[in-house]
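Down below is the structure, laid out as structure tokens.
Keep in mind it's a predicted model, so treat the numbers as computed, not measured. First listed ligand is number 1; within each ligand, the first listed atom is number 1.
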Amino acid sequence: SLFYLCFFDKMNIFVPFMKPRPVYQSLVNLRQNQKKAFAVLVDPDKVNIPDIQKLAGLCNESAVDYLFMGGSLMISQHLDECIKHFKSNSDIPVILFPGSPSQVSRYADALFYLSLISGRNPELLIGAHVVSAPMVKASGLEVISTGYLVIDGGAPTTVSYMSNSAPIPHDKNDIALCTAMAGEMQGKHVLYLDAGSGAKNPISESMIQKVSENTDLPLIVGGGIREAEKAYLNCKAGADVIVVGNAIEKDLSLIKEISSAVHQCSIQV
Ligand code: 1GP
């Protein structure tokens, strides 16, 4: 009832009691404290349960900050299982990064409610959200409203094909910035710049810098990052969270390497 949702403060001002949003708050804290975070992206279609247990151990040892879970397709049916196994081996928060409205699991800690603001496909701006809204609400998940910008990564990626919408050209920093600003003013809570999984060219530092300097939202950057050096440079340019999926699938030792490069950047700012 309303009684439980609101209270009066000392000056008798009516204050709604907000549901706690720990994952979102942790993202805001990064930006406020100039700390950097590393997220490992797992596509449930590409892992089995023993992989997940091994991955959880490596993520724990390497001080990974978040596990993002999701993929453009969902061929396998074991999303819940993957999350449960990860969580029984790790305290790292799991955030859903859904490629379709069916990718909702109440076992995760939070969900990026992605709106593809770089595209002009109404389905991915609002349509899929309408379809998934009752399911998302019923899940009780912490929902993080996300302005999602796909940037051309030099080759067609799954996200560029599936979204049926042109990505922002790699060198058009102003378009990226104006799109990010629009997302911020529309009330999105975080921004995600993505060159797409397995992108040939990751997002340029100059684009990251332009967006980061001119917006206040936590900034997540991913797509085609294969080296610790690039992760470090992205952080220096203003990314708050670095996401890596593809390269880690090929070489698990990168988890430790990239995580320490990202955290190194926190220390030096
Ligand atoms: C894709 O940003 C993520 O949506 C990660 O990309 O798989 O290329 O690391 P990679």
- prompt: Apart from Ile144 itself, what residues make up its hydrophobic cluster, given side-chain heavy atom links below 4.5 Å?
  reply: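 ILVMFWY cluster around Ile144 also holds Val23, Tyr24, Leu27, Val28, Leu30, Leu41, Tyr66, Phe68, Ile95, Phe97, Phe112, Leu114, Leu116, Leu124, Tyr148, Val150, Val159, Val190, Tyr192, Ile220, Val241, Val243.
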message: Using a 3.5 Å distance criterion without hydrogens, assess whether the side chain of His78 forms a donor-acceptor pair with backbone atoms of Pro44.
response: yes
- prompt: What closest approach, in Å, do Pro98 and Leu111 show between heavy atoms, and which atom pair accounts for it?
  reply: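 Heavy atoms of Pro98 and Leu111 come nearest at CG-CD1, 4.1 Å.
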field: Any donor-acceptor N or O pair under 3.5 Å, side chains Lys250, Asn246
entry: yes
Distance under 4.0 Å to a non-hydrogen atom of [X]: what atoms of ligand 1 satisfy this?
X      : result
Asn246 : 7 (O), 8 (O), 9 (O), 10 (P)
Val244 : 9 (O)
Gly222 : 2 (O)
Leu41  : 1 (C), 3 (C), 5 (C)

- request: Of the side chain and backbone of Phe68, name the one, both, or neither that has a heavy atom under 4.0 Å from an atom of ligand 1.
  value: neither
- prompt: Hey, is Asp194 touching ligand 1 through its side chain, its backbone, both or neither, going by heavy atoms under 4.0 Å?
  reply: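 It is the side chain that gets close, since no backbone atom is under 4.0 Å.
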Charged N to carboxylate O under 4.0 angstrom, [X] versus [Y]?
X      : Y      : value
Asp80  : Arg106 : no
Glu205 : Lys236 : no
Lys210 : Asp174 : yes

Contact (N/O only, under 3.5 Å) between Gly223 and ligand 1: yes
query: Any nitrogen or oxygen of Gly224, main chain or side chain, under 3.5 Å from a nitrogen or oxygen of ligand 1?
result: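 There is such a contact, yes.
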message: Please confirm whether Gly198 approaches ligand 1 to less than 4.0 Å, judged on its heavy atoms.
response: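 Contact present.
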- prompt: For the side chain to side chain contact (heavy atoms under 4.5 Å, CB included) test, which of Asn89, Val47, Leu252 pairs with Lys54?
  reply: Leu252
message: For atom 9 (O) of ligand 1, what is the closest protein heavy atom, and at what distance to 0.1 Å?
response: Gly245 N, 2.8 Å
field: atom 7 (O) of ligand 1: nearest protein contact (heavy atom, Å)
entry: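 Looking only at protein heavy atoms, the one closest to atom 7 (O) of ligand 1 is Ser197 OG, 2.5 Å.
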